[in-house]
Amino acid sequence: MLGCLKRPVMVTADVNLNLVVLTAAGLLSRLWRLTYPRAVVFDEVYYGVFISLYMKRTFFIDNSGPPFGHMLLALGGYLGGFDGNFLWNRIGEENALITQARLMLMESLLIFFNLLAVLSYLKFFNCQRHSPFSLCWWLWLMLTGVACSCAVGIKYMGIFTYFLVLGVAAVHAWQLIGDQTLTNVCVCCHLLARAVALLVIPVVLYLLFFYVHLMLLYRSGPHDQVMSSAFQASLEGGLARITQGQPLEVAFGSQVTLRNVFGKPLPCWLHSHQSTYPVIYENGRGSSHQQQVTCYPFKDVNNWWIVKDPARHPLVVSSPPRPVRHGDIVQLVHGMTTRFLNTHDVAAPLSPHSQEVSCYMDYNVSMPAQNLWRLDIVNRESDRDVWKTILSEVRFVHVNTSAILKLSGAHLPDWGFRQLEVVGEKRSRGLHESTVWTVEEHRYGNSQEQRERELELHSPTHVDISRNLSFMARFSELQWRMLTLRGEDSEHKYSSTPLEWVTLDSNIAYWLHPSTTAQIHLLGNVVIWASASLATAAHALLFLWHLLRRRRRACDLPEDAWHRWVLAGALCTGGWALNYLPFFFMEKTLFLYHYLPALTFQILLLPLVLQHISDHLCRSGLQRSLFSALVVAWYSSACHVSSTLRPLTYGDKSLSADELQALRWKDSWDILIRKY
Amino acid sequence: MAGGLVGCELRARQGRCGPQASRAAVRDVAAEAAARSPKPPAQSWRRLEAAGQWALLALVTLLSFATRFHRLDQPPHICWDETHFGKMGSYYINRTFFFDVHPPLGKMLIGLAGYLSGYDGTFLFQKPGDKYEHHNYMGMRGFCAFLGSWLIPFAYLTVLDLSKSLPAALLTAALLTFDTGCLTLSQYILLDPILMFFIMAAMLSMVKYNSCADRPFSAPWWFWLSLTGISLAGAIGVKFVGLFIIVHVGLNTISDLWHLFGDLSLSLVTVGKHLTARILCLIVLPLVLYVAIFAVHITVLNKSGPGDGFFSSAFQARLTGNNLHNASIPEHLAYGSVITVKNLRMAIGYLHSHRHLYPEGIGAHQQQVTTYLHKDYNNMWIIKKHNTNSDPLDPSLPVEFVRHGDIIRLEHKETSRNLHSHRHEAPLTRKHYQVTGYGINGTGDSNDFWRIEVVNRKFGNRIKVLRSRIRLIHLGTGCVLGSSGKVLPKWGWEQLEVTCTPYLKETLSSIWNVEDHINPKLPNISLEVLQPSFAEVLLESHMIMILGLRFSGTNDTDFRVYLLGNPVVWWLNLVSIALYLVLGSTIAIAMQRGVQLPMELEGQIQMLLRGGGQMLLGWMLHYFPFFLMGRILYFHHYFPAMLFSSMLTGILWDSLLRLCAWGLASSPLARGVYPMGVLSLLLVTAYSFYLFHPLAYGMVGPLAQDPESPMAGLRWLESWDF
């Protein structure tokens with residue numbers, strides 16, 4: 001890093017040699033006995049599952065991050081498995097990073113792209129000085145954008161680095177605007193090029209990842225239920241098999257199943273059955289004693305409803321079918337019991353502020369049927385839109401009381417078979433998904449008699465019409481679900497808080513050999529962590545000091561050294577802060593490995609600070625040599641610590657209990673010691 | 001952007017304070033006017049202008065008071081959050097302790113206003129809609145309306161000071177006076193008018209001390225600086241939202257100091273003086289006041305009340321009426337003591353067991369152990385030695401104290417079962433172990449053994465009642481006794497789940513303290529000596545407030561009144577923010593490109609960038625942080641931001657119209673553009689208030705959805721509901 005900040009663009013052989021040696025050392029330490037251990041380690045469980053889902057082309061949804069990282073791993077696995085070891089070399093570097101912690105986890109990939117983004121931006125910035133719009137200028141600029149979107153595509157965390165690069169680029173662009181030696185046109189070209197490379201390309205690439213993701217995963221899979229009916233219908237198998245060939249437009253006489261869009265706590269369908277509400281509830285309130293209406297999370301013949309025109313008698317679709325439009329008044333008839341969906345001024349069983357919804361039974365107790373509903377298509381384009389299967393999101397507004405049919409989300413007690421409660425919400429505040437329903441299964445009913453109709457309801461639907469969801473619709477839905485899907489707030493033995501990361505108060509045991517005490521831990525090199533944090537603090541203090549001094553016109557630093565110092569601070573300290581501080585606001589379970597991207601930026605700063613101290617703060621030759629000696633001592637202690645902790649990094653050596661105890665330098669480190 | 005007001009060119013012109021400043025502004029206006037029109041006799045003209053200016057200020061204030069106090073007694077029943085804040089005011093009058101997530105100043109002031117106006121604190125404030133009847137509520141409403149009325153003169157003066165333009169200030173004042181939302185919010189017993197009063201006061205005094213920058217350490221300078229500090233303490237003392245204005249003032253101060261520091265004509269000593277003055281007035285003073293507010297709060301509320309359960313046992317010992325108050329109990333735990341054990345986390349309660357078993361299929365079929373928030377005989381446990389079953393209360397045996405690190409057994413007093421855990425999964429938190437009551441008459445097995453540990457203490461120390469924070473570690477599995485805070489289903493009587501967690505993380509939910517303690521062999525001591533210090537009380541109140549912020553919102557009242565601002569004002573404000581961003585960035589880019597601005601526009605544009613920038617910053621600081629907040633938000637949270645955007649609107653349109661007039665200088669329209677523009681904006685605002693005023697003063701007749709309603713024509717957006 002120091003090199004690329006200071007080095008002229010002509011790369012000398014010397015530097016190249018350094019680079020080669022470093023790369024070789026990096027590769028060696030990362031690839032060393034890569035195939036060991038031959039067991040599933042830590043989160044590899046999850047990622048492994050996702051990869052095999054890719055291989056099977058099965059749709060899944062993971063809220064931990066966008067799909068690019070998964071796909072990259074899958075690609076690695078695909079190539080690796082396909083050609084044996086032959087191709088390992090060609091994708092060598094990537095694999096080295098995949099397994100930086102020698103594990104198939106995302107962090108190493110993320111760090112790779114983070115660093116690539118910063119490096120290529122710096123390269124680009126160097127080109128900017130002498131040869132703007134040259135080939136290498138374009139190359140590095142584009143690479144910055146590509147690396148940024150790759151980073152974001154691996155984990156949402158990558159967005160922090162993207163913001164960092166954008167921020168620095170914005171400041172540089174502002175300086176460019178202030179450069180009055182350039183013509184207006186030239187400035188515009190510069191700005192345009194940056195906008196394309198740093199804004200347009202990342203967005204397009206990000207979309208591309210999802211495009212490939214959705215292209216690859218065209219089969220229905222374990223997470224279908226989370227998605228909307230329309231999305232599910234676009235996958236092969238699953239819902240698509242059922243809905244394929246359904247009529248598109250819902251008409252009077254249509255037989256439909258209605259799925260609630262909210263789908264919480266469970267995805268479910270509007271349902272009714274022979275049982276009635278109990279006359280008196282446990283808490284002493286009374287009910288209408290009419291037939292229960294619930295929301296049922298399984299497919300069932302009792303989920304079928306017939307859309308009826310209140311003005312006409314028959315329950316079949318006329319020919320030609322008369323489509324139902326936004327604003328039409330309809331009745332919903334329960335297919336198996338031929339009772340009408342009804343709501344009235346009776347408190348719902350579990351939500352006493354809302355109205356009870358029932359299928360109307362006439363007990364002749366002066367409680368008239370109120371079974372007219374106005375259809376409200378939420379996502380309509382015009383006010384005469386036709387109600388469409390799967391695509392239309394509709395609300396049912398009760399004509400008499402203007403209550404809205406809603407899933408309350410509460411589980412009914414035993415008398416309601418623990419199904420979900422459906423209510424009429426009178427005071428609806430704005431549009432909530434729990435009041436919105438979609439038609440999932442649909443067919444044009446044509447049986448006049450009840451017996452005949454029951455048979456018809458039991459038979460699968462089939463008529464030919466195909467429908468497709470556009471990529472953007474699928475993308476936005478998937479993206480939204482990924483961002484809003486909450487995993488269980490799982491407590492984990494190795495979870496930690498951000499404050500513990502800096503002081504390395506926590507570790508993660510990745511793997512323990514089934515019989516010996518050999519084990520792999522995620523554990524930092526204490527010396528490097530401490531000195532990296534120190535370097536950040538030192539940088540911040542020196543920065544403040546110089547800043548104040550310069551404000552009083554006392555310039556101890558040459559101008560270009562000062563600018564380098566500021567740029568380094570912006571990139572490294574800024575990168576660290578952006579990748580670290582947001583974790584304090586996150587509610588999810590955090591692990592030590594979340595700190596690694598931030599740490600990388602801190603480590604980059606370390607040599608810069610050392611160099612600065614030696615160049616500008618050591619005034620005599622003696623001080624300088626003293627300082628060099630200190631650096632050597634520091635470096636060898638780091639090496640020593642690294643080699644001491646080696647057994648915990650590679651897990652290749654079985655240690656005795658005492659040896660392990662000796663490695664437990666902090667009480668909070670959780671090193672696994674077997675009791676015999 | 002913030003606080004560039006110390007800039008050199010402007011300082012000369014702005015360097016006046018208070019009444020002089022306004023007169024100075026007049027002088028500027030007069031000078032401009034003089035340039036255009038034939039010269040009037042200067043002296044008398046100025047005097048006239050000054051008088052006019054005072055008259056205008058008086059008019060604005062009067063109008064503001066008139067609109068706020070009009071029909072203040074309507075409706076004569078509890079409206080919306082009055083049920084909370086009125087109730088809390090009553091608590092202060094009755095001196096009963098309660099818990100709330102907001103700091104106490106606002107509610108104390110409401111209580112004080114009620115007290116002074118003769119309200120006796122007996123009204124229950126149960127739910128919105130309850131009639132006040134004979135209770136005197138006007139004192140409290142009047143106080144809120146009084147503070148709310150000052151917002152407008154404050155905004156007027158702030159804008160006047162920033163822009164030196166009367167029309168801009170008038171426009172701002174009109175926007176705020178005629179905004180029905182702002183008006184409604186000031187008419188009820190709420191914290192918002194008090195909060196906004198302090199925010200605006202802080203803003204005004206900050207702007208004033210900025211304009212005193214050329215006369216540092218003068219009396220007005222000190223006055224405004226310390227007034228800023230006092231207002232900041234007030235703002236944060238009412239709601240934590242006050243933090244944003246503190247940030248605003250902080251940023252302004254930093255930029256101010258930065259300029260002073262860069263001024264080489266000032267010695268470092270002078271800069272040091274400046275720094276010290278600001279630390280004194282803006283950090284130390286508010287901090288002292290804030291602590292004083294809490295001291296008053298804690299002194300006033302000295303009776304036990306509905307808030308006790310949220311606080312720790314030691315805290316409760318302060319409150320008269322609480323059973324811990326003036327109680328005397330043995331200080332150190334000994335074997336044979338009968339105790340109750342309270343979880344340290346908020347609203348978890350006491351370790352509890354009862355004669356009911358876990359249902360079949362949920363862990364082992366043994367006696368339930370839960371936590372329970374109320375005091376009950378089933379909360380009693382006896383500490384026994386793990387290895388003997390002899391009665392430690394036998395008078396022949398010596399007293400043996402329980403020490404940190406001892407292995408003990410806890411026997412449930414009522415059922416004689418031991419606290420027990422084993423490797424069955426807990427009923428709700430599947431990753432934890434189940435905790436049960438086990439054994440007959442105190443005889444169980446080795447899974448009944450627990451190690452008692454005091455957090456942060458050395459081995460062998462005795463364990464104190466109330467003060468020691470203890471953990472119970474299960475000997476067999478190494479897990480820690482804790483409560484997950486989850487509510488058990490009906491079989492568990494909806495008490496909270498107790499588990500034994502194998503994750504040895506230090507969280508409050510696995511730390512307990514001993515509250516009641518009965519041991520006839522030990523001398524009772526008075527709990528007075530155990531009372532926490534003021535600092536501890538302060539810290540605990542804050543911890544619980546911050547914790548409380550996370551929980552609140554879910555059980556807020558379901559009843560909401562739709563508070564709707566005057567849409568014309570709000571849209572104008574929104575458009576202005578967008579326009580300002582476009583205009584501001586265009587000018588900034590032009591300046592960065594080195595475009596020379598025309599001389600006569602220079603001052604105007606500087607003012608637009610700086611004054612407008614201040615306001616934009618205020619708007620952003622009071623708006624964007626809400627996006628990060630997890631709690632339930634209501635529309636009224638936007639109002640502080642709306643104050644700033646109204647001021648921005650005033651400044652922007654004033655500048656925009658002046659720029660237009662300058663741009664059209666050649667055409668005959670030029671003269672009319674500015675006055676006509678300002679006038680029409682004022683009229684439009686006033687007319688929209690005329691249209692929408694029923695929203696603020698209450699309306700009669702059917703809902704607006706009904707086409708018959710007089711308001712039907714005003715329902716411009718479908719999402720409105722009035």
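The chains referred to below are lettered A, B, ... by the order of the sequence lines, with proteins before strands, and numbering in each begins at 1.
Taking all atoms of both residues into account, the shortest heavy-atom contact from A:Leu176 to B:Arg593 is O-NH1, 4.1 Å. The two residues B:His259 and A:Arg551 have their closest heavy-atom pair at CA-NH2, 3.6 Å. Closest non-hydrogen pair, A:Leu548 versus B:Phe261, comes out as O-CE2, 3.2 Å. A pairwise comparison of heavy atoms in B:Gln592 and A:Gln175 identifies NE2-CA, 4.3 Å as the closest pair. Taking every heavy atom of both residues into account, A:Arg553 and B:Leu264 meet most closely at CG-CD1, 3.0 Å.
The local environment of CH2 in B:Trp491 is crowded, with over 12 non-hydrogen atoms from other residues, nucleotides or ligands closer than 6.0 Å. No more than 12 heavy atoms of other residues, nucleotides or ligands shown are found within 6.0 angstrom of CZ on A:Arg374. Within a 6.0 Å radius of CD in B:Gln596, other residues, nucleotides and ligands contribute 12 heavy atoms or fewer.
Remark: A:Arg549 pairs with A:Asp556 by the salt bridge (Lys or Arg N to Asp or Glu O under 4.0 Å) rule, at least two apart or across chains. In this view, A:Arg285 and A:Tyr281, A:Asn283, A:Ala347, A:Pro352 satisfy the side chain to side chain contact (heavy atoms under 4.5 Å, CB included) rule, not counting sequence neighbours.
Chosen from A:Asp179, A:Ile177, A:Leu182, the residue pairing most often with chain B at heavy-atom distances under 4.5 Å is A:Ile177.
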